[in-house]
Student: 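The structure's right below; bear with me while I get my questions together.
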Amino acid sequence: MPGFELFGDLERKEVNDVLDNGVLMRYGFDAMRKGHWKAKELESELSKVFNSKHVQLVSSGTAAVSVALASAGIGAGDEVIMPTFTFVASFEAIMMLGAIPVLVDIDDTLTLDPEAVKNAITSKTKAVMVVQMCGSMGNMDALSSICDKHNLVFVEDACQAIGGSYKGKALGSIADVGCFSFDFVKTITCGEGGAVVTNNENYYTNADHYSDHGHDHIGKDRGAETHPNLGYNFRISELNAAVGLAQVKRLPEFIEIQKKNYSIIREALSEIQDVTFRTVPDGGVESYAFLNFFLPDLEKARKVSEAFKTNGIDACFHYYDNNWHYIRKWDHLKDLKSLYPISKEVKEGIEYLKTKSFEQSDYNIARNISCLIKLSWTEDEVKERANKMAELIKSII
């Protein structure tokens, strides 16, 4: 996914603007800034990209999820339905608020199965969070209908899917509130950073306050601002925002490169009879950050994964055996290995994970190989890679 592969003069210019005026903080110090407000400019640019009314920058994608949930009033003892396949940040961000992550199966979109979501709803459920993993999306119409029917907050974690869309709408802008990550290995990077995206003015105002110690950001005297609510520090710095401002202007360039590279590899693999591809819902357009395909069974997927590694095909992941992205290896969550005491509500709420099985998720993840699409490959390198991948798969299946 990484935009860091293509740093250039635009990124250097934006960063140098900040260093020249010496103001690294996004708020205050108006007289010193020489007119530069990188975080505000990036929020404005992202609003255009997502066709969304409001964008609040924060310090990371993990912070974006916590701030998004908090802005919607999700907290202690509330249940948030989330998928078994995601980065650990998803459940971390929920638990940080004292809420309970309720993990449910994924389908062959590699995101939330709507039927599994329906079956997991209880009187404590307050939100459903779809995670648009590896550049694509869930069945957004079905998930949105479930949330509407049960009066649940619909949260969209699009940290890995910037540039994708569903029925003409940018991923991350479809649900009640969306979340993005701009860490070092995302399609566009700030080094570290994230964003909360919403058309709900109340959620935006709450996010604006909550991410900066409760400051209301009214007026030009920071010390005179009031604090309508409790808040914490999830601010992005001007240096991080400066890098992101340059990168977001290059997003169409990055997507075009990824689509070309993705298409070359997919075409080569599509000629193999036993290779199938993840399901993309009708009306969906992937971000082309990853190519995800299925093999016949776990044994063959493991062999292909190992063959890729030993033959120089990097950045292809078999998440069934991954420690960070799939429930199977999350013993620290199942056993609540915490540095500090966990609340009774969360302890009791997580208890189900000690005995819960996820056969449908296992079936999909066990057979899946997920290959990151780089920006720095030449066309000849992509073609050579695609042919080698195809040869290796054919030799095994």
Side-chain angles (χ1 to χ4, degrees), residues 3 18 24-28 37-47 49-50 52-75 80 86-97 99 127 129 131-132 153 155-162 171-173 175-217 222 225 227-245 247-248:
V18 178
L24 276 60
M25 186 176 179
R26 71 157 297 175
Y27 298 111
W37 297 86
K38 300 303 181 183
K40 290 182 180 180
E41 289 181 53
L42 179 52
E43 287 168 344
S44 179
E45 288 296 323
L46 289 170
S47 182
V49 169
F50 303 133
S52 183
K53 292 180 181 178
H54 307 293
V55 175
Q56 177 66 39
L57 285 176
V58 291
S59 54
S60 69
T62 312
V65 176
S66 288
V67 172
L69 292 169
S71 73
I74 309 300
V80 179
T86 179
F87 185 55
V88 294
S90 296
F91 65 74
E92 292 170 346
I94 292 167
M95 294 173 69
M96 193 177 74
L97 300 174
M129 182 167 69
V131 182
Q132 316 290 34
V153 178
V155 181
E156 188 178 358
D157 176 344
C159 289
Q160 289 192 358
I162 190 170
L171 297 184
S173 71
D176 296 319
V177 60
C179 308
F180 287 92
S181 170
F182 306 126
D183 71 22
F184 195 51
V185 290
K186 294 300 186 289
T187 301
I188 62 172
T189 182
C190 291
E192 288 287 356
V196 177
V197 177
T198 185
N199 287 320
N200 184 307
E201 189 170 356
N202 287 333
Y203 290 175
Y204 165 67
T205 300
N206 292 343
D208 176 55
H209 296 174
Y210 184 76
S211 61
D212 183 30
H213 298 293
H215 276 267
D216 64 12
H217 301 134
R222 185 167 171 80
E225 292 172 3
H227 29 79
N229 301 290
L230 288 171
Y232 299 90
N233 182 4
F234 297 110
R235 295 190 302 261
I236 194 171
S237 79
E238 285 287 274
L239 279 175
N240 293 103
V243 177
L245 180 59
Q247 290 259 297
V248 75

Student: Ignoring hydrogens, what is the shortest heavy-atom contact between V58 and A195? Give both atom names and the distance.
Tutor: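 It is CG2-N, 3.9 Å.
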Student: What is the ring orientation for Y204 with H54, classed by angle as parallel under 30°, tilted 30 to 60°, or perpendicular over 60°?
Tutor: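 If you compare the ring of Y204 with that of H54, the planes turn out parallel.
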Student: Test: side-chain hydrogen bond (donor to acceptor under 3.5 Å, both in side chains). Region: residues 177-190. Which pairs qualify, not counting sequence neighbours?
Tutor: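 Non-adjacent pairs meeting side-chain hydrogen bond (donor to acceptor under 3.5 Å, both in side chains): D183-K186.
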Student: Using a 3.5 Å distance criterion without hydrogens, assess whether the side chain of E225 forms a donor-acceptor pair with backbone atoms of H215.
Tutor: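 Not at all, since once roles are kept as given, no pair shorter than 3.5 Å links the two residues.
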Student: Has the side chain of N206 got a donor or acceptor atom that lies under 3.5 Å from a matching backbone atom of S71?
Tutor: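 Looks like yes, one N/O pair under 3.5 Å.
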Student: Please tell me if the side chains of Y203 and V153 come closer than 4.5 Å, counting only heavy atoms from C-beta onward.
Tutor: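 Of all side-chain heavy-atom pairs linking V153 with Y203, at least one is under 4.5 Å.
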Student: Verify, without hydrogens or angle tests, whether N199 (side chain) and K53 (backbone) share a donor-acceptor contact under 3.5 angstrom.
Tutor: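 Yes, the answer is positive, given that a donor and an acceptor are paired below the 3.5 Å cut-off.
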Student: Applying side chain to side chain contact (heavy atoms under 4.5 Å, CB included), run through V155 and L69 and close with a yes or a no.
Tutor: CA-CA 8 Å; V155 181; L69 292 169; 3.9 Å; yes
Student: Do side-chain atoms of E43 reach the backbone of L57 as a donor and acceptor pair under 3.5 angstrom?
Tutor: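 Confirmed, E43 side chain pairs with L57 backbone.
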Student: For side chain to side chain contact (heavy atoms under 4.5 Å, CB included), just list the numbers for V177 and N200, CA-CA rounded to whole Å, side-chain angles, deciding distance to a tenth of an Å, and then say yes or no.
Tutor: CA-CA 8 Å; V177 60; N200 184 307; over 6 Å; no
Student: Return yes if some donor-acceptor pair links the side-chain N/O of N233 with the main-chain N/O of R235 below 3.5 Å, else return no.
Tutor: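 It does hold such a pair.
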Student: Could you grab the distance from atom CD1 of I94 to atom CE of M96, nearest 0.5 Å is fine?
Tutor: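 Here the interatomic distance stands at 11.0 Å.
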Student: Quick one: sort the H217 and Y27 rings into parallel, tilted or perpendicular, breaks at 30° and 60°.
Tutor: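 Parallel.
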Student: Which atom names give the shortest non-hydrogen contact between V80 and A99, and what distance separates them?
Tutor: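 Looks like CG2-CB, 4.4 Å.
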Student: Between E156 and M129, does the side chain to side chain contact (heavy atoms under 4.5 Å, CB included) criterion hold? Intermediate values first, please.
Tutor: CA-CA 6 Å; E156 188 178 358; M129 182 167 69; over 6 Å; no
Student: Could you tell me which non-hydrogen atom of N240 sits nearest to which non-hydrogen atom of C190, and how far apart they are?
Tutor: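 Heavy-atom minimum between the residues: ND2-O, 2.8 Å.
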Student: Quick one: side chain to side chain donor-acceptor pair (under 3.5 Å) partners of H227, sequence neighbours excluded?
Tutor: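 H227 satisfies side chain to side chain donor-acceptor pair (under 3.5 Å) with no residue once adjacent residues are dropped.
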Student: Go through the steps for I162 and F50 under the test side chain to side chain contact (heavy atoms under 4.5 Å, CB included), then give the verdict.
Tutor: CA-CA 9 Å; I162 190 170; F50 303 133; 4.0 Å; yes
Student: How close do C159 and F180 get, heavy atom to heavy atom, and via which atoms?
Tutor: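 So the two residues come closest at SG-C, 3.5 Å.
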Student: Working to the nearest 0.5 angstrom, can you tell me the gap between Q56 CD and I236 CD1?
Tutor: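 The distance works out to 10.0 Å.
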Student: For a quick test of reading the model, state the closest non-hydrogen atom pair linking D157 to S90 and the distance between them.
Tutor: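 Closest heavy-atom pair between D157 and S90: OD2-OG, 3.7 Å.
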Student: Could you tell me the separation between the CG atom of L42 and the CG atom of L245, rounded to the nearest 0.5 Å?
Tutor: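 Spacing of CG (L42) from CG (L245) equals 6.0 Å.
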Student: Quick one: are T205 and P228 in side-chain contact, heavy atoms under 4.5 Å?
Tutor: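 Counting from C-beta outward, T205 and P228 never come under 4.5 Å.
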Student: Is there a donor-acceptor pair under 3.5 Å between the side chain of S47 and the backbone N or O of S52?
Tutor: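 The answer is yes, because a donor-acceptor pair under 3.5 Å joins these two groups.
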Student: Within the 4.5 Å heavy-atom criterion, are L46 and V197 side-chain neighbours or not?
Tutor: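 No - every pair of side-chain heavy atoms lies 4.5 Å or more apart.
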Student: Could you tell me if the side chain of I188 sits less than 4.5 Å from the side chain of F182, heavy atoms only?
Tutor: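 Result yes, sub-4.5 Å side-chain heavy-atom pair found.
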Student: Could you pull out the closest heavy-atom pair between S66 and L97, with the gap in Å?
Tutor: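 Nearest pair, atom of S66 first, then L97: O-CD1, 3.5 Å.
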Student: Between the side chain of E238 and the main-chain N/O of A39, is any donor-acceptor distance below 3.5 Å?
Tutor: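 Yes; judged by distance alone, with no hydrogens or angles, the pair exists.
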